[in-house]
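Just below is one structure, and these are the notes that go with it.
Below, each value reflects all heavy atoms present in this structure, side chains not excepted, and no hydrogens, waters or symmetry copies.
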Amino acid sequence: MVAAVIFDLDGVIVDSEPVWEEVRRAYVAAHGGTWQADSQRRLMGMSTGEWSRYLSDELGVDRTAEQVATEVVTEMSRRYAHRVPLIDGAVDAVRRTAGRWPLGLASSSPTRLIRTALDATGLGDTFGATLSTEETRRGKPAPDVYLAVAARLGVEPAHCVAVEDSANGVRSAAAAGMAVVAVPHGAYPLEPEAERLAAVLLSSIGELTPETVTTAHDTSSPVTRTKTNRPRDNGGAGRPA
């Protein structure tokens with residue numbers, strides 16, 4: 001029986017992954033670093049402390065991790081002040097789900113960006129527990145943030161369904177013992193191993209219904225999906241895990 005549904009923010013409600021990639025790519029180039037072919041894949045789901053150290057230590061930018069975090073998040077805040085790129089159908093999907101179950105939010109975004117995004121969506125009061133991986137020991141793909149949100153909601157992880165878009169997000173929720181509904185972005189498809197962890201695979205968040213949530217939870221094996229569509233393609237424009 002489903003007791004709660006826990007959403008990711010970036011890539012599920014807000015189309016921010018391409019924005020994060022654009023901002024961090026430009027930052028690395030401006031500060032003497034070298035962007036790697038697998039950088040975006042590795043960054044998705046990292047906490048602020050983790051990705052700032054990655055840019056400083058592994059990509060070679062000429063800033064401390066603390067400076068990286070402050071400067072990149074400041075630029076993201078400036079972008080959000082201009083426009084928060086909401087995903088079509090996301091607000092309605094969240095409200096439909098909230099009509100049946102308590103909701104949580106488990107995000108890799110910094111807390112201040114979560115607040116900005118929720119203010120823009122009008123969903124701030126919809127979530128009974130909201131947590132950034134800034135406040136957990138490890139970011140995704142570790143299960144810490146999902147376990148912490150479930151604890152704050154007062155429910156067992158095994159009775160939760162998570163809604164995720166990224167490979168590291170899917171791994172995180174699955175490692176927490178939750179059934180996962182995956183909604184991958186067309187520009188950032190799931191790796192096959194992560195895709196197999198999802199109980200249900202959707203092509204858009206607008207397809208999320210209470211029936212989908214129940215099906216994900218009741219699916220006997222996470223590698224047996226009841227519905228498979230092509231990952232949605234937003235043209236790569238516009239959205240961490």
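Remark: Asp62 CG to Ser56 OG distance equals 9.0 Å, nearest 0.5 Å. Annotation: the span from Leu43 atom CG to Arg24 atom CZ amounts to 4.5 Å, rounded to 0.5 Å. The CG atom of Leu9 lies 10.0 Å from the CD atom of Glu164; values are rounded to the nearest 0.5 Å. Note that OG1 of Thr126 and CG of Leu118 are 8.5 Å apart. Values are rounded to the nearest 0.5 Å. In this structure, OG on Ser107 lies 4.5 Å from CG on Asp10, to the nearest 0.5 angstrom. For the atom pair Met44 CE and Asp165 CG, the distance stands at 5.0 Å (nearest 0.5 Å).
The same ILVMFWY cluster, assembled from side-chain heavy atoms under 4.5 Å apart, contains both Val14 and Leu103. Both Trp51 and Val28 are members of a single hydrophobic cluster when ILVMFWY side chains are connected at heavy-atom separations under 4.5 Å. Clustering ILVMFWY residues whenever any of their side-chain heavy atoms sit less than 4.5 angstrom apart, transitively, puts Ile114 in the very cluster that holds Val91. Val5 and Val12 fall within the same hydrophobic cluster, where Ile, Leu, Val, Met, Phe, Trp and Tyr residues are linked whenever their side-chain heavy atoms come under 4.5 Å apart, directly or through other members. Under the 4.5 Å side-chain heavy-atom criterion for ILVMFWY residues, no single connected hydrophobic cluster contains both Val163 and Leu147.
Two residues are said to be in side-chain contact when any heavy atoms from C-beta on lie closer than 4.5 Å; Trp35 and Gln40 meet this criterion. A 4.5 Å side-chain heavy-atom check between Arg100 and Val213 finds every atom pair outside the cut-off. The side-chain heavy atoms of Phe7 and Thr130, taken from C-beta on, include no pair separated by under 4.5 Å. In this structure the side chain of Thr116 never reaches within 4.5 angstrom of the side chain of Arg112, judged on heavy atoms. Val68 has its side chain out of reach of Tyr54: every pair of non-hydrogen atoms, C-beta onward, lies at least 4.5 Å apart. Side-chain atoms of Ser108 and Met46, non-hydrogen and from C-beta on, never get closer than 4.5 Å to each other. Using a 4.5 Å cut-off on side-chain heavy atoms (C-beta onward), Asp144 and Thr133 make no contact. In this structure, the side chains of Phe127 and Pro102 stay at 4.5 Å or more apart for every pair of heavy atoms.
Residue-environment remark: CG (Asp38) exceeds the threshold of 12 foreign heavy atoms within 6.0 Å. Residue Asp88 places its CG atom among 12 or fewer non-hydrogen atoms of other residues, nucleotides or ligands, all under 6.0 Å distant. Heavy atoms from other residues, nucleotides or ligands lying under 6.0 Å from CD of Glu58 number more than 12.
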Worked check of side chain to side chain contact (heavy atoms under 4.5 Å, CB included) between Val181 and Leu202: CA-CA 7 Å; Val181 175; Leu202 301 179; 3.7 Å; yes
Thr121 vs Ile13, side chain to side chain contact (heavy atoms under 4.5 Å, CB included): CA-CA, chis, key distance, verdict: CA-CA 9 Å; Thr121 61; Ile13 299 171; 4.1 Å; yes
Salt bridge (charged side-chain N to carboxylate O under 4.0 Å, His left out) evaluation trace for Arg25 with Glu22: CA-CA 5 Å; Arg25 271 182 178 268; Glu22 181 182 332; over 6 Å; no
Residue pair Trp101, Thr214: steps toward the side chain to side chain contact (heavy atoms under 4.5 Å, CB included) verdict: CA-CA 11 Å; Trp101 299 285; Thr214 301; 3.8 Å; yes
Verdict with supporting geometry, Val161 and Met178, side chain to side chain contact (heavy atoms under 4.5 Å, CB included): CA-CA 6 Å; Val161 174; Met178 299 180 185; over 6 Å; no
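Val72 and Trp20 make their closest contact through CG1-CZ3, 4.0 Å (heavy atoms, listed as atom of the first residue, atom of the second, distance). Here the shortest heavy-atom pairing between Thr97 and Ala93 reads OG1-O, 2.8 Å. Closest heavy-atom contact between Leu131 and Ala148: CD2-CB, 3.4 Å. Nearest heavy-atom pair across Gly104 and Val149 is CA-CG1, 3.8 Å. Nearest heavy atoms, Tyr146 versus Gly169: CE1-O, 4.1 Å. For the pair Thr48 and Ala69, the tightest heavy-atom approach, listed with the atom from each and the gap, is CG2-CB, 3.8 Å.
Between the side chains of Glu71 and Tyr27, at least one donor N or O sits under 3.5 Å from an acceptor N or O. Side-chain N/O atoms of Glu134 and Ser47 include no donor and acceptor closer than 3.5 Å. Side-chain N/O atoms of Thr215 and Glu211 include no donor and acceptor closer than 3.5 Å.
In terms of modelled atom types and a separation under 3.5 Å, the side chain of His159 and the main chain of Met1 share a donor-acceptor contact. Without hydrogens or angle criteria, Lys140 side chain to Val145 main chain gives no donor-acceptor distance under 3.5 Å. For the pair Ser172 (side chain) and Ala142 (backbone), a donor-acceptor distance under 3.5 Å is present. When atom types are taken as modelled, the side chain of Arg138 and the backbone of Pro143 share no donor-acceptor pair closer than 3.5 angstrom. With hydrogens and angles disregarded, no donor-acceptor distance shorter than 3.5 Å links the side chain of Thr136 to the backbone of Ser132.
With sequence neighbours excluded, the residues satisfying salt bridge (charged side-chain N to carboxylate O under 4.0 Å, His left out) with Glu191 are Arg41, Arg171.
For the side chain to side chain contact (heavy atoms under 4.5 Å, CB included) with Leu201, the lone residue among Val170, Val183, Val180, Leu190 that qualifies is Leu190.
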